[in-house]
Amino acid sequence: MSLPLHIGFIMDGNGRWAQKRGVPRKMGHEAGAKALEKIIDRCRTLGIKCATFYAFSTENWSRPKEEVDALMSLFDRYINELHRKISSGEADVYKDVRIRFIGDLSVFSEERLERILALEKLTDRQTDGLCVNIAINYGGRNEIVSAVNRFIQENPGVPITEKELSLRLYTDGCPDPDLIIRTAGEMRLSNFLLWQSAYSEYYSSSVYWPDFTPKELDVALDAFSQRTRKFGNVAK
Ligand code: FPP
């Protein structure tokens, strides 16, 4: 079976999962964090090289304050927990896993940024296994514009190339995603990895993200292995 090197995940349906159970939306996000850990573990054991998870978009700030606060508090707890688990060597799930946070992180408090950097530093030598990118305050358009602006600043008056732009994206170091999975039956990109997904295969799973198990991932990977990728060429 041909496996993707890089998978992007649009973790959708936490709210509907909670609604179906008559519990607050934030419970859906909490359940989503548990599903995330199981999927990271499955990606790691399968030998996937990169997995990018869309956790909070540049547009998600427009959600009710209560939900945004609950998500930020969940991210803080998740970062602390990960730091504790990895530094104590307690959990196998993060063995050889490199964690990166991608997006415009400049909006976050110094305290949150420090915790993020400490976690990244703890895992930054684990370059042989799975690289996990957690996208927070991430937007594909914002990413492209900031890459272009960085290039202009570094090379005034020089026309930018596709290669130079790619080198300045948050996902630098990871190949373009071969597969993008979105849960909850939705079929939109929602500003996720716009540049990188030019030739990605898409897969829509009908289950809500908290119910997206490693088994569901295997089903998606099976579907992926049956796709014929042409990259603009004809089928060979
Ligand atoms: C979209 O579902 C989901 C989000 C905006 C948040 C994603 C966050 C997690 C999965 C939490 C775990 C992440 C980390 C890094 C700990 P939705 O709320 O829009 O669902 P709905 O469309 O059913 O309302």
Side-chain angles (χ1 to χ4, degrees), residues 7-44 50-86 91 93-94 97-105 107-108 112-113 115-120 122-123 130-140 142 170-171 180-193 204-214 216-217:
I7 311 176
F9 292 91
I10 304 178
M11 306 184 282
D12 201 1
N14 293 349
R16 278 165 279 178
W17 183 93
Q19 202 175 14
K20 212 174 89 181
R21 283 161 180 76
V23 296
R25 289 178 61 84
K26 66 177 180 190
M27 303 297 284
H29 298 310
E30 301 274 345
K34 295 203 173 89
L36 169 68
E37 183 156 277
K38 294 197 182 104
I39 295 300
I40 290 177
D41 194 37
R42 182 75 184 136
C43 288
R44 180 183 73 85
C50 294
T52 300
F53 296 90
Y54 205 6
F56 194 87
S57 75
T58 45
E59 288 72 36
N60 285 152
W61 296 107
S62 62
R63 292 188 175 210
K65 183 176 180 308
E66 193 191 342
E67 182 168 350
V68 170
D69 288 349
L71 275 166
M72 293 301 145
S73 147
L74 173 61
F75 297 153
D76 287 342
R77 277 181 284 128
Y78 179 75
I79 292 164
N80 287 344
E81 191 62 0
L82 229 57
H83 198 285
R84 190 188 61 72
K85 281 184 182 169
I86 295 171
V93 40
Y94 300 107
V97 174
R98 180 174 183 200
I99 310 277
R100 302 195 302 187
F101 285 80
I102 66 168
D104 178 3
L105 305 183
V107 299
F108 294 121
R112 184 172 292 131
L113 264 181
R115 287 201 212 120
I116 287 176
L117 290 179
L119 177 58
E120 287 185 337
L122 192 65
T123 61
L130 170 70
C131 176
V132 168
N133 299 312
I134 306 217
I136 50 174
N137 194 32
Y138 173 89
N142 164 282
Y170 299 131
T171 50
I180 304 240
I181 297 175
R182 182 166 189 151
T183 53
E186 306 294 351
M187 299 188 194
R188 289 185 293 278
L189 253 190
S190 303
N191 206 8
F192 184 55
L193 302 180
S204 170
S205 166
S206 59
V207 308
Y208 297 145
W209 175 256
D211 292 330
F212 191 78
T213 57
E216 300 290 343
L217 174 59

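Counting starts at 1 for both ligands and their atoms, following the listed order. These values consider heavy atoms only, across backbone and side chains, with no hydrogens, waters or symmetry-generated copies.
- Applying the 4.0 Å criterion to heavy atoms of His29 picks out, from ligand 1, the atoms 4 (C), 6 (C), 11 (C), 18 (O).
- Each of His29, Glu67, Glu30 was evaluated against Asn14; a single residue qualifies, His29, per the side chain to side chain donor-acceptor pair (under 3.5 Å) test.
- When each atom of ligand 1 is checked for a heavy atom of Trp209 under 4.0 Å away, the hits are 10 (C).
- Contact record, Leu130 with Cys43: CD2-CB, 3.9 Å, taken as the closest heavy-atom pair.
- In summary, the atoms of ligand 1 found under 4.0 Å from a heavy atom of Gly15, numbered by their order in the structure, are 17 (P), 18 (O), 20 (O), 21 (P), 23 (O), 24 (O).
- With sequence neighbours left out, Ser190 forms a side-chain hydrogen bond (donor to acceptor under 3.5 Å, both in side chains) with Arg182.
- Between Tyr54 and Phe9, the distance separating the two ring centers is not shorter than 6.0 angstrom.
- Two residues are said to be in side-chain contact when any heavy atoms from C-beta on lie closer than 4.5 Å; Phe212 and Val207 meet this criterion.
- In terms of protein heavy-atom proximity, atom 10 (C) of ligand 1 is closest to Asn14 ND2, 3.2 Å.
- Ligand-side atoms of ligand 1 in range of Asn60: 5 (C), range being under 4.0 angstrom from any heavy atom.
- At a heavy-atom distance under 4.0 Å, only side-chain atoms of Phe75, from C-beta outward, approach ligand 1.
- If you check which protein heavy atom lies closest to atom 16 (C) of ligand 1, you get Tyr78 CG, 3.5 Å.
- At under 3.5 Å, not a single nitrogen or oxygen of Tyr54, backbone or side chain, sits near a nitrogen or oxygen of ligand 1.
- Within 6.0 Å of the CD atom in Glu66, the count of heavy atoms belonging to other residues, nucleotides or ligands does not exceed 12.
- A side-chain N or O of Asn142 and one of Tyr170 form a donor-acceptor pair less than 3.5 Å apart.
- Counting only non-hydrogen atoms, the option in Ala70, Gly32, Ala55, Ala31 that gets closest to atom 6 (C) of ligand 1 is Ala55.
- A heavy-atom distance below 4.5 Å is found between the side chains of Leu119 and Ile86.
- When the shell of 6.0 Å around NZ of Lys26 is examined, it contains 12 or fewer heavy atoms from other residues, nucleotides or ligands.
- Note: an N/O pair closer than 3.5 Å links Arg16 and ligand 1 by distance alone.
- Remark: among candidates Glu186, Glu67, Arg63, the nearest residue to atom 17 (P) of ligand 1 is Arg63, based on non-hydrogen atoms.
- Near Leu36, the atoms of ligand 1 lying under 4.0 angstrom from a non-hydrogen atom of the residue are 13 (C), 14 (C), 15 (C).
- With sequence neighbours left out, Ser57 forms a side-chain hydrogen bond (donor to acceptor under 3.5 Å, both in side chains) with Asn60.
- Within 6.0 Å of the CE atom in Met27, the count of heavy atoms belonging to other residues, nucleotides or ligands does not exceed 12.
- Contacts of Glu59 with ligand 1, taken as heavy-atom pairs under 4.0 Å, are absent altogether.
- Ligand-side atoms of ligand 1 in range of Arg25: 17 (P), 18 (O), 24 (O), range being under 4.0 angstrom from any heavy atom.
- At the top of the distance list for atom 3 (C) of ligand 1, counting protein heavy atoms only, stands Met11 O, 3.1 Å.
- For ligand 1, the atoms closer than 4.0 angstrom to any heavy atom of Ile134 are 15 (C).
- With atom 12 (C) of ligand 1 as the reference point, the heavy atom nearest to it among Ser190, Gly13, Ala33 is part of Ala33.
- Within ligand 1, counting atoms from 1 as listed, the ones closer than 4.0 Å to a heavy atom of Leu74 are 11 (C).
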